2 protein chains.
Amino acid sequence: MNPDLNDDVFAALASPVRRALLTLLLDGPRTVNELAAHFDMRRPSVSEHLKVLRDAELVSERRVGRERHYSLEAGPLMELQEWLHPYERFWRERMAGLRDVLEDM
Amino acid sequence: MNPDLNDDVFAALASPVRRALLTLLLDGPRTVNELAAHFDMRRPSVSEHLKVLRDAELVSERRVGRERHYSLEAGPLMELQEWLHPYERFWRERMAGLRDVLEDM
DNA sequence: ATATTAGGTAGGGAGTTTCCTACCTGTCAA
DNA sequence: TTGACAGGTAGGAAACTCCCTACCTAATAT
């Protein structure tokens with residue numbers, strides 16, 4: 001049903017550091033050093049986090065001279081949204097329940 | 001911004017077993033034994049997965065005699081959908097790009 | 001009362017994750 | 001051409017995950 005939404009994506013999103021990296025990339029492509037500056041962590045560790053994101057195809061890299069520019073790739077996140085669809089009914093029901101309670105007050 | 005969407009939710013979703021448990025609960029509340037029957041795994045392990053889901057508030061439990069009925073709680077998934085919002089722009093852009101390529105063919 | 005059933009908890013082993021330092025290659029600048 | 005800089009890779013320690021078996025309590029059934 002969602003053939004391309006695999007474990008790797010969920011595993012990649014499980015780390016707060018990697019989620020923060022994705023958030024930083026919302027503002028456009030960034031080099032590894034620019035990204036690393038935001039973390040209390042050595043650069044090689046950031047490199048490894050980027051590798052996990054690359055393997056999950058959540059980011060892409062473009063080589064520019066001796067720099068590497070990382071960009072957000074939102075495809076897997078779109079599939080994640082699709083994965084959520086079957087659950088949507090449940091939170092709508094809960095919201096409806098909440099609304100009813102509020103109306104009774 | 002999403003104060004209630006914490007690490008626990010992403011970590012809970014990182015396991016394929018736990019995602020399968022949520023999928024099973026789409027059909028309504030289930031006991032631990034009913035859930036465990038779907039996995040090639042001992043029951044205590046399923047219990048532990050359920051504990052992780054409970055801690056992330058993705059499921060709730062109701063005691064009925066000696067059984068425990070687990071139910072889906074979609075609140076955190078709704079927050080996950082909200083977490084995705086800032087990324088939506090990116091996949092829309094990608095889709096638009098794809099459409100343009102197709103139109104040129 | 002006793003046996004059985006539902007299901008949680010404890011402790012442990014194997015595998016994985018996450019960080020580190022040390023080191024390497026490739027590019028640019030002097 | 002030599003030095004400095006960007007950033008990836010290797011190897012290893014500490015912590016965490018995931019599964020197991022053994023065991024426990026509470027509730028039902030006999």
Side-chain angles (χ1 to χ4, degrees), chain A residues 5-25 27-73 76 80, chain B residues 5-25 27-73 76 80:
Chain A
L5 180 56
N6 47 30
D7 266 20
D8 291 11
V9 174
F10 284 103
L13 294 177
S15 151
V17 172
R18 290 190 293 267
R19 291 197 304 277
L21 283 166
L22 295 180
T23 304
L24 287 169
L25 292 175
D27 292 333
R30 291 286 182 275
T31 66
V32 178
N33 272 331
E34 285 167 345
L35 293 169
H38 291 82
F39 298 91
D40 183 19
M41 184 186 296
R42 305 291 168 204
R43 198 200 22 79
S45 305
V46 175
S47 255
E48 282 156 14
H49 282 298
L50 286 168
K51 178 174 166 50
V52 174
L53 290 170
R54 234 186 304 123
D55 290 348
E57 299 183 87
L58 282 160
V59 304
S60 61
E61 95 175 8
R62 195 168 59 93
R63 286 153 202 247
V64 178
R66 63 184 153 177
E67 296 176 341
R68 309 208 179 182
H69 295 242
Y70 279 88
S71 305
L72 186 60
E73 292 293 334
L80 177 53
Chain B
L5 180 57
N6 47 30
D7 266 20
D8 292 12
V9 173
F10 285 103
L13 294 177
S15 151
V17 172
R18 289 191 292 265
R19 291 197 304 277
L21 283 166
L22 294 180
T23 304
L24 288 169
L25 292 176
D27 293 332
R30 291 286 182 275
T31 66
V32 178
N33 273 329
E34 285 168 346
L35 293 168
H38 291 82
F39 298 91
D40 184 18
M41 181 186 299
R42 304 294 168 200
R43 198 200 22 80
S45 306
V46 176
S47 255
E48 281 156 14
H49 281 299
L50 286 168
K51 179 176 166 49
V52 174
L53 291 170
R54 234 185 306 124
D55 289 348
E57 298 181 87
L58 283 159
V59 303
S60 59
E61 96 175 6
R62 194 168 59 92
R63 285 155 202 244
V64 178
R66 64 183 154 178
E67 295 177 341
R68 309 207 179 183
H69 296 239
Y70 279 88
S71 304
L72 186 61
E73 291 294 333
L80 176 54

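Letters go in sequence order (proteins before strands), and every chain restarts at 1. The structure presented is a predicted model; accordingly, all values stated were derived computationally and were not measured.
Of all heavy-atom pairs between A:R43 and A:A36, the closest is CG-CB, 4.1 Å.
Residues A:E61 and A:R68 form a side-chain contact, since some pair of their non-hydrogen atoms from C-beta on lies under 4.5 Å apart. Side-chain atoms of B:R62 and B:P29, non-hydrogen and from C-beta on, never get closer than 4.5 Å to each other.
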What's the verdict on side-chain contact (heavy atoms from CB on, under 4.5 Å) for A:L58 and A:E73, showing C-alpha distance, side-chain angles and the deciding distance? CA-CA 5 Å; A:L58 282 160; A:E73 292 293 334; 5.8 Å; no
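In this structure, CD of B:E61 is placed 12 Å from C1' of C:dA6, rounded to the nearest angstrom. If you measure from atom CG of A:D40 to atom P of C:dT18, you get 17 Å, rounded to the nearest angstrom. Atom C1' of nucleotide D:dG7 and atom CG of A:L35 are separated by 12 Å, given to the nearest angstrom. Look at CZ on B:R62: it is 17 Å from P on C:dA6, rounded to the nearest Å. Following rounding to the nearest Å, A:M41 (CE) and D:dG7 (C1') show an atom-to-atom distance of 16 Å. A straight line from CZ of B:F10 to C1' of C:dT17 spans 18 Å, rounded to a whole angstrom. Between the CD atom of A:E67 and the C1' atom of C:dG26 there is a distance of 13 Å, given to the nearest Å. The distance from atom CD of A:E34 to atom P of D:dC5 is 16 Å, rounded to the nearest whole Å.
For the pair B:H49 and D:dC19, the criterion of a side-chain N or O lying under 4.0 Å from OP1 or OP2 is met. Dashed line: the shortest gap from a side-chain N or O of B:Y70 to OP1 or OP2 of C:dA6 is not under 4.0 Å. For C:dG7, the OP1/OP2 oxygens have a side-chain nitrogen or oxygen of B:N33 closer than 4.0 Å.
The line from CG of A:L35 to NE2 of A:H69 is 11.0 Å long, rounded to the nearest 0.5 Å.
Residue order along DNA chain D, read from the 5' end via each residue's closest nucleotide, puts A:H69 first among A:H69 and B:A14.
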Per-nucleotide protein contact string for nucleotides 21-30 of chain D, where B marks a base within reach and S marks sugar-phosphate only (heavy atoms under 4.0 Å, - for neither): BB----BS--
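Side-chain atoms of A:R18 come within 3.5 Å of backbone atoms of A:A12 as a donor-acceptor pair (strictly under, hydrogens ignored).
Taking only side-chain atoms of B:R18, from C-beta outward, the nucleotide of C:dT18, D:dC18, C:dG8 with the closest atom is D:dC18.
Partner B:L13 forms a side-chain contact (heavy atoms from CB on, under 4.5 Å) with one of B:D8, B:V52, B:L53, B:L80 and no other, that one being B:L80.
B:F39 comes within 4.0 angstrom of nothing in the nucleic acid, heavy atoms only.
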